[in-house]
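Presented below is the structure to which this report refers.
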Amino acid sequence: MRFNYDGIDYVIEFQRELKPRKIQTGRTLSRVVMKRYPDTTVRILKSSPGALPGEVYREATVGCSVHDQFTLERGRIAALRAVSRTLETGFKQALWYAYLTRKTV
């Protein structure tokens with residue numbers, strides 16, 4: 001998804017990935033297993049007009065627990081909320097509008 005803010009083009013990119021985690025099996029023993037649900041990463045990339053996305057502007061990764069009702073949409077929304085915490089209001093509005101309408105602004 002692409003959007004423009006202050007004359008600069010940005011691209012929103014999502015990635016899901018199963019990552020290993022360490023679990024405690026005893027007092028001194030632990031083992032590494034793959035998580036049951038994937039982590040969701042969102043990247044906001046700066047893009048110059050007519051070129052491929054380049055520089056990473058912001059990035060956030062969120063996971064979920066076994067008790068969460070994981071869906072692709074909930075993972076993406078949680079990741080966007082995490083990345084939105086450090087953005088200014090106008091940029092945040094353009095980001096959410098581009099995601100919710102799923103088209104270029």
Side-chain angles (χ1 to χ4, degrees):
M1 289 163 264
R2 294 180 175 271
F3 67 100
N4 188 306
Y5 181 72
D6 280 346
I8 301 172
D9 291 330
Y10 294 92
V11 177
I12 306 169
E13 181 180 276
F14 294 98
Q15 178 183 8
R16 289 182 303 150
E17 183 179 3
L18 284 173
K19 295 184 178 179
R21 68 181 172 104
K22 197 175 198 178
I23 60 169
Q24 199 74 23
T25 55
R27 239 181 215 177
T28 57
L29 299 174
S30 62
R31 64 186 175 124
V32 175
V33 297
M34 291 305 283
K35 289 178 70 174
R36 179 184 258 175
Y37 298 103
D39 289 344
T40 303
T41 301
V42 62
R43 285 186 191 92
I44 302 173
L45 306 167
K46 279 187 179 180
S47 175
S48 52
L52 293 174
E55 177 186 350
V56 175
Y57 180 68
R58 292 280 199 284
E59 180 176 359
T61 302
V62 296
C64 66
S65 71
V66 177
H67 305 292
D68 293 340
Q69 294 178 355
F70 176 80
T71 63
L72 178 63
E73 187 71 14
R74 285 185 184 189
R76 287 180 168 192
I77 288 174
L80 282 173
R81 282 184 183 152
V83 82
S84 293
R85 290 183 183 139
T86 60
L87 299 174
E88 61 186 58
T89 305
F91 189 92
K92 197 183 305 187
Q93 289 173 347
L95 170 77
W96 279 98
Y97 183 78
Y99 176 72
L100 293 174
T101 58
R102 307 289 204 282
K103 60 183 177 183
T104 304
V105 176

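Positions are given from 1 along the sequence.
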Looking only at heavy atoms, which two atoms of [X] and [Y] are closest? And how far apart?
X: Lys46; Y: Tyr10; value: CG-CE2, 3.5 Å
X: Ala98; Y: Ile12; value: CB-CD1, 4.3 Å
X: Ala79; Y: Val42; value: O-CG1, 3.5 Å
X: Arg16; Y: Pro38; value: CB-CB, 4.2 Å
X: Ala82; Y: Val62; value: CB-CG1, 3.9 Å

Could you walk me through whether Ile77 and Trp96 pass the side chain to side chain contact (heavy atoms under 4.5 Å, CB included) check?
CA-CA 10 Å; Ile77 288 174; Trp96 279 98; 4.1 Å; yes
Phe3 and Phe91, any side-chain heavy atoms less than 4.5 Å apart
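Yes. Closest side-chain heavy atoms under 4.5 Å.
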Do Val11 and Ile44 come within less than 4.5 Å of each other through their side chains, counting heavy atoms only?
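Contact flag for Val11/Ile44 side chains = no.
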Sequence-distant partners of Arg58, side-chain hydrogen bond (donor to acceptor under 3.5 Å, both in side chains), two or more places apart
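If we apply the side-chain hydrogen bond (donor to acceptor under 3.5 Å, both in side chains) test to Arg58, skipping adjacent residues, the hits are Thr86.
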How long is the span from the [atom1] atom in [X] to the [atom2] atom in [Y], to the nearest 0.5 Å?
X: Asp6; Y: Glu88; atom1: CG; atom2: CD; result: 7.0 Å
X: Phe14; Y: Met1; atom1: CZ; atom2: CE; result: 4.5 Å
X: Arg76; Y: Gln15; atom1: CZ; atom2: CD; result: 11.5 Å
X: Leu45; Y: Asp9; atom1: CG; atom2: CG; result: 12.0 Å
X: Tyr57; Y: Leu87; atom1: OH; atom2: CG; result: 6.0 Å
X: Thr40; Y: Leu72; atom1: OG1; atom2: CG; result: 7.0 Å

So, for Tyr5 and Tyr97, is the gap between ring centers shorter than 6.0 Å?
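No, ring centres 6.0 Å or more apart.
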Measure from NZ or CZ of Arg102 to the centre of the six-membered ring of Tyr99, then state whether that distance is under 6.0 Å and the direction lies within 45° of the axis.
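The answer is yes; both the distance and angle limits are met.
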Hey, does the side chain of Arg74 reach the backbone of Thr71 with a donor-acceptor pair shorter than 3.5 angstrom?
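Such a contact is absent between Arg74 side chain and Thr71 backbone.
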Which residues share a salt bridge (Lys or Arg N to Asp or Glu O under 4.0 Å) with Arg43, sequence neighbours left out:
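With neighbours one apart ignored, the set is Glu13, Glu59.
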